[in-house]
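Order of the sequence lines sets the chain letters (A, B, ...), proteins ahead of strands, with each chain counted from 1.
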Amino acid sequence: MLEFTGSEHTDRRTLFVEVVLPLGIAINYTYRVPYDLNDQIAVGKRVVVQFGKSKIYTAIVAGIGEQAPEKYEAKYIIDVLDAEPVVHQRQLQFWAWIADYYLCNIGEVMNAALPTALKLASETKVELNKEYPVDKTTLNDREYLIVDALELQPELTVNDIAKLLGQKTVMPILKMMFEKGIINISEEVSDRYKPRVRTFITLNPIYRDQDQLRELFGILEKRAPKQADAVLAYIQLSRSQKTISKSELVEASGAGAAAIKSLIEKEILFAEEKIVSRLVHDADDLEANFELSPAQQTALDEIKQGFEQKDVLLLHGVTSAGKTQLYIRLIEEMVNSGKQILYLLPEIALTTHIVERLRKYFGNAIGVYHSRFNDNERVEVWQKVLSGQYRVVLGARSSVFLPFKDLGLIVVDEEHENSYKQFDPAPRYNARDASIYLGHMYGAKVLLGSATPSFESFYNAHNGKYGLVKLTERFGGVEMPLIEVVSITEETKKKTIQSHFTSVLMQDINNALANKEQVILFQNRRGYAPIMLCKICAYTPKCINCDVSLTYHKSSGKLHCHYCGYKEDSPNICPACGSTQLEYKGFGTEKVEAELKLLLPDARIARMDLDTTRSKNAFQNILNDLDEHRIDILAGTQMVAKGLDFASVTVIGIISADSLLKYPDFRANERAYQMLSQVSGRAGRRGKQGKVVIQTYDPGHRVIQQVIAHDYVDLYNTEMTERKNFKYPPFYRLIEINIKHKDPEILHHQAEALARDLRKHFDDRVIGPEYPLVGRIRNYFIKTIILKFEKDNISMPKVRATIKDVITQFNTTKLSKGSVIQPDVDPY
DNA sequence: AGCACGCCGACT
DNA sequence: GTCGGCGTGCTC
């Protein structure tokens with residue numbers, strides 16, 4: 001803390017601050033604090049600084065010192081933005097840990113952590129110079145284009161202009177135009193967070209007097225009937241609600257904004273602007289009491305005991321075992337002890353379902369945080385967590401970065417979900433693992449929950465690093481579903497299969513429909529058909545960027561690339577040989593839906609996949625339709641399996657299990673088990689056993705048998721044994737280093753060279769380089785170098801430091817143009 | 001991440 | 001010759 005020498009004396013010490021900039025830069029930079037900002041500066045506050053020639057950024061103060069840097073003259077900070085710090089010291093430590101652990105820069109962590117609205121950055125804006133009479137005849141082509149555009153739209157960014165001219169380097173041109181006085185160039189800083197302001201209306205209190213009011217009506221009804229309507233509507237609304245906003249009044253009265261405006265001018269109505277939260281929710285009926293089953297109670301006791309020994313616990317409970325109720329109990333106790341709770345869920349499971357459920361117990365003390373929130377909403381959540389108003393936060397992976405004051409418990413639900421891992425921009429962190437470190441920093445307990453734990457968590461639990469609590473009984477006497485495996489080969493031979501639906505599945509669907517129950521069909525592919533093939537010459541249309549087969553989408557009539565989004569018209573004749581004999585191979589959800597509609601014309605069939613849930617509320621709408629039984633059959637991709645609760649779905653059909661089972665990945669079986677058991681776990685309800693039909697060409701597949709037996713432990717053991725003989729051993733830490741390049745030749749040489757360099761330090765622990773599953777993503781070829789380390793036999797900090805070193809050296813001296821290196825730490 | 005500087009190939 | 005693309009290095 002700083003000392004105050006009294007208000008009449010200014011603090012004359014010369015202070016320097018070290019700041020984190022929201023950029024991918026390796027180090028923090030030092031700025032000087034102007035005297036008049038001395039008493040405002042504090043660690044964790046945002047400051048505005050100029051970085052580089054003209055750019056202005058929001059930076060976070062990470063440290064304060066009095067030592068002037070020797071090798072350079074520090075710039076002054078421009079301003080301090082906050083009265084109170086927006087991040088705690090502990091968060092800065094957390095950022096540093098993430099940066100170190102996931103091999104990235106702290107600025108990149110800051111970028112992921114802070115809501116964008118808290119990061120103002122300057123943008124170079126170009127305007128016409130009004131003092132300069134534009135004589136267009138003297139301009140060259142490019143200048144003419146720019147001036148023309150500026151006359152239509154007074155402000156353009158540098159990026160706009162680059163697009164306009166279709167060239168990359170525009171600064172020289174702009175500079176020239178600036179020197180000629182044609183344009184002005186300015187750095188504009190925008191504060192992105194805007195509180196929501198609403199206008200509230202009140203009636204002038206003199207009209208509380210009935211006579212006055214009657215008189216008023218008399219006048220208004222004659223001269224301004226619209227205004228009379230508005231006053232009437234106000235009086236009606238005021239009976240049912242305390243505050244009335246202007247928009248509500250406009251809507252209720254039908255009088256239009258003009259009528260209300262003139263009422264305000266006549267001082268019949270008063271208008272008042274107030275800042276309102278975007279996050280208001282009715283704290284309606286708080287229904288707090290439910291009974292735990294004996295099995296749940298035992299598990300709850302075990303968890304509490306477990307937390308006395310261990311900081312991290314794995315709760316391995318079958319689907320529908322009522323894990324959420326256990327979480328609620330634990331959260332309740334923690335709330336009562338005055339600590340904060342973070343409840344992490346995969347993005348997709350953050351539906352109003354679960355939010356509403358929790359809000360019932362915790363009312364307005366619960367906040368929700370995920371990527372579908374806009375910037376302003378995120379800032380409001382951030383501030384409410386910071387102030388401690390939110391005791392519980394329900395959020396997706398990025399909520400590990402929220403400014404908790406005193407975290408007591410972190411629940412990671414569905415901990416195996418790989419959506420906890422961020423892949424593309426750095427930091428490439430896994431929120432599950434990060435939350436374990438976060439918990440450690442706060443002295444908080446971490447509960448990992450899953451019906452199908454990830455192998456790494458199960459391994460840690462078995463070796464005593466984590467505690468383990470099991471919950472093997474479904475809640476409320478719901479039976480485990482009956483699983484039937486149907487051989488597609490057999491039914492094809494017997495000709496009992498219709499389209500993609502075996503007689504067994506059709507029978508079950510019909511039964512369900514007859515009983516007014518619902519059905520979910522699972523097909524792990526979207527679109528109509530994943531491959532288009534010429535029967536004559538075997539030509540297959542491929543993506544021009546990604547080299548993968550294009551998927552036919554009937555709804556658009558186009559061929560889509562599922563990696564980069566490229567689309568082209570579906571050809572009628574083969575582009576290679578001109579034949580008309582083009583056929584579709586394989587099938588996706590679109591085809592499942594279409595064919596089923598032909599077979600069951602009376603059933604209400606809907607589809608849920610990436611294509612049908614693209615718009616903002618589509619996902620929720622489909623769920624509501626299902627909930628309120630406007631849908632009989634829902635066909636979908638993985639989406640239908642992830643953490644959704646459907647009350648009256650009794651039949652689940654897996655149209656083809658084979659695409660799951662044959663996935664060419666060393667974790668394929670683990671994933672297939674997870675997917676199959678998750679989907680099937682959705683079947684059934686109280687008093688009605690669910691039925692799952694798995695259609696496959698390979699009914700004897702080991703994983704299918706394990707799913708039927710609900711034997712996760714057997715899966716774990718067999719997989720572990722098999723992997724010991726494989727080159728990716730199970731008990732190792734893996735670090736992946738991806739190299740990208742557009743040219744496969746160059747990529748190959750670069751990857752080989754990097755692997756050689758890494759081998760100098762790590763010998764045979766370097767695997768690769770090799771192509772990962774998809775060799776080409778978004779225009780780049782990728783090769784992966786995998787480093788494996790025996791878990792207990794290595795100092796990971798040292799390893800990370802060495803890798804960082806090698807990569808930095810490689811980056812500076814040996815990397816050819818267009819290459820990108822992405823270290824990706826997966827402590828497996 | 002920007003932005004400047006400097007080298008190099010392609011064009012009036 | 002010059003313009004624009006692209007690699008490289010630097011920013012407190």
Side-chain angles (χ1 to χ4, degrees), chain A residues 14-34 37 41 46-80 99 104-114 116 119-126 140-143 145-146 156-179 185-190 424-427 740-743 746 750 808-822:
Chain A
T14 308
L15 297 180
F16 293 90
V17 285
E18 199 185 291
V19 301
V20 184
L21 284 154
L23 300 171
I25 305 176
I27 55 161
N28 288 340
Y29 283 75
T30 306
Y31 284 83
R32 193 174 160 174
V33 184
L37 293 178
I41 206 79
R46 292 176 302 154
V47 291
V48 180
V49 294
Q50 193 188 83
F51 184 68
K53 219 173 162 300
S54 56
K55 280 275 153 185
I56 291 162
Y57 292 97
T58 303
I60 296 271
V61 178
I64 302 171
E66 294 189 44
Q67 194 68 45
E70 286 166 15
K71 297 192 176 144
Y72 53 87
E73 188 81 10
K75 276 194 180 124
Y76 282 98
I77 61 170
I78 297 167
D79 204 358
V80 178
C104 68
N105 299 308
I106 195 161
E108 291 169 315
V109 185
M110 171 181 172
N111 250 337
L114 277 191
T116 1
K119 292 172 287 189
L120 40 106
S122 70
E123 198 159 24
T124 312
K125 288 269 166 66
V126 179
N140 66 34
D141 285 359
R142 272 184 280 245
E143 289 170 347
L145 264 174
I146 294 171
L156 290 175
T157 66
V158 177
N159 230 331
D160 292 338
I161 289 166
K163 259 189 224 155
L164 179 74
L165 300 183
Q167 68 183 59
K168 287 185 179 171
T169 40
V170 291
M171 278 321 264
I173 299 166
L174 292 178
K175 222 170 157 185
M176 183 79 80
M177 288 173 77
F178 175 69
E179 274 156 21
I185 298 174
S186 63
E187 285 295 313
E188 207 164 278
V189 183
S190 52
D424 208 10
K740 292 190 193 176
H741 198 280
K742 292 183 186 184
D743 182 343
I746 296 177
Q750 301 255 297
T808 318
Q809 262 185 36
F810 210 79
N811 264 326
T812 50
T813 57
K814 297 174 195 164
L815 203 61
S816 84
K817 59 173 183 173
S819 284
V820 186
I821 293 185
Q822 301 178 319

Could you tell me the boundaries of the chain A footprint on DNA chain B, defined by atoms under 4.0 Å from its heavy atoms?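 Reading along DNA chain B, I get B:dA1 to B:dA4.
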Side chain of A:K168, heavy atoms from C-beta onward: which of C:dC6, C:dG4, C:dT11 has the nearest atom to it?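 Taking heavy atoms from C-beta onward, the closest nucleotide is C:dC6.
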Scan the side chains in residues 49-60 of chain A for donor-acceptor partners under 3.5 Å anywhere in the protein, sequence neighbours excluded, and list what turns up.
{"from": "A:K55", "atom 1": "NZ", "to": "A:S122", "atom 2": "O", "distance (Å)": "3.1"}
{"from": "A:T58", "atom 1": "OG1", "to": "A:L120", "atom 2": "N", "distance (Å)": "2.8"}
{"from": "A:T58", "atom 1": "OG1", "to": "A:L120", "atom 2": "O", "distance (Å)": "2.8"}

Quick check: closest heavy atoms across A:T124 and A:E187, and the distance to 0.1 Å?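 Taking A:T124 first and A:E187 second, the nearest heavy atoms are OG1-OE2, 2.6 Å.
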For C:dG5, does OP1 or OP2 lie under 4.0 Å from any side-chain N or O of A:T169?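 For C:dG5, OP1/OP2 do have a side-chain N/O of A:T169 under 4.0 Å.
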Given atom [atom1] of [X] and atom [atom2] of [N], what is their separation to the nearest angstrom?
X      : N      : atom1 : atom2 : value
A:L23  : C:dG9  : CG    : C1'   : 15 Å
A:E73  : C:dT11 : CD    : P     : 14 Å
A:K71  : C:dT11 : NZ    : P     : 12 Å
A:I27  : C:dG9  : CD1   : C1'   : 13 Å
A:I25  : C:dG9  : CD1   : P     : 16 Å
A:M171 : C:dC3  : CE    : P     : 18 Å

Look at all strands and tell whether A:Y31 reaches a base, only sugar-phosphate, or nothing, counting heavy atoms closer than 4.0 Å.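 Touches sugar-phosphate only.
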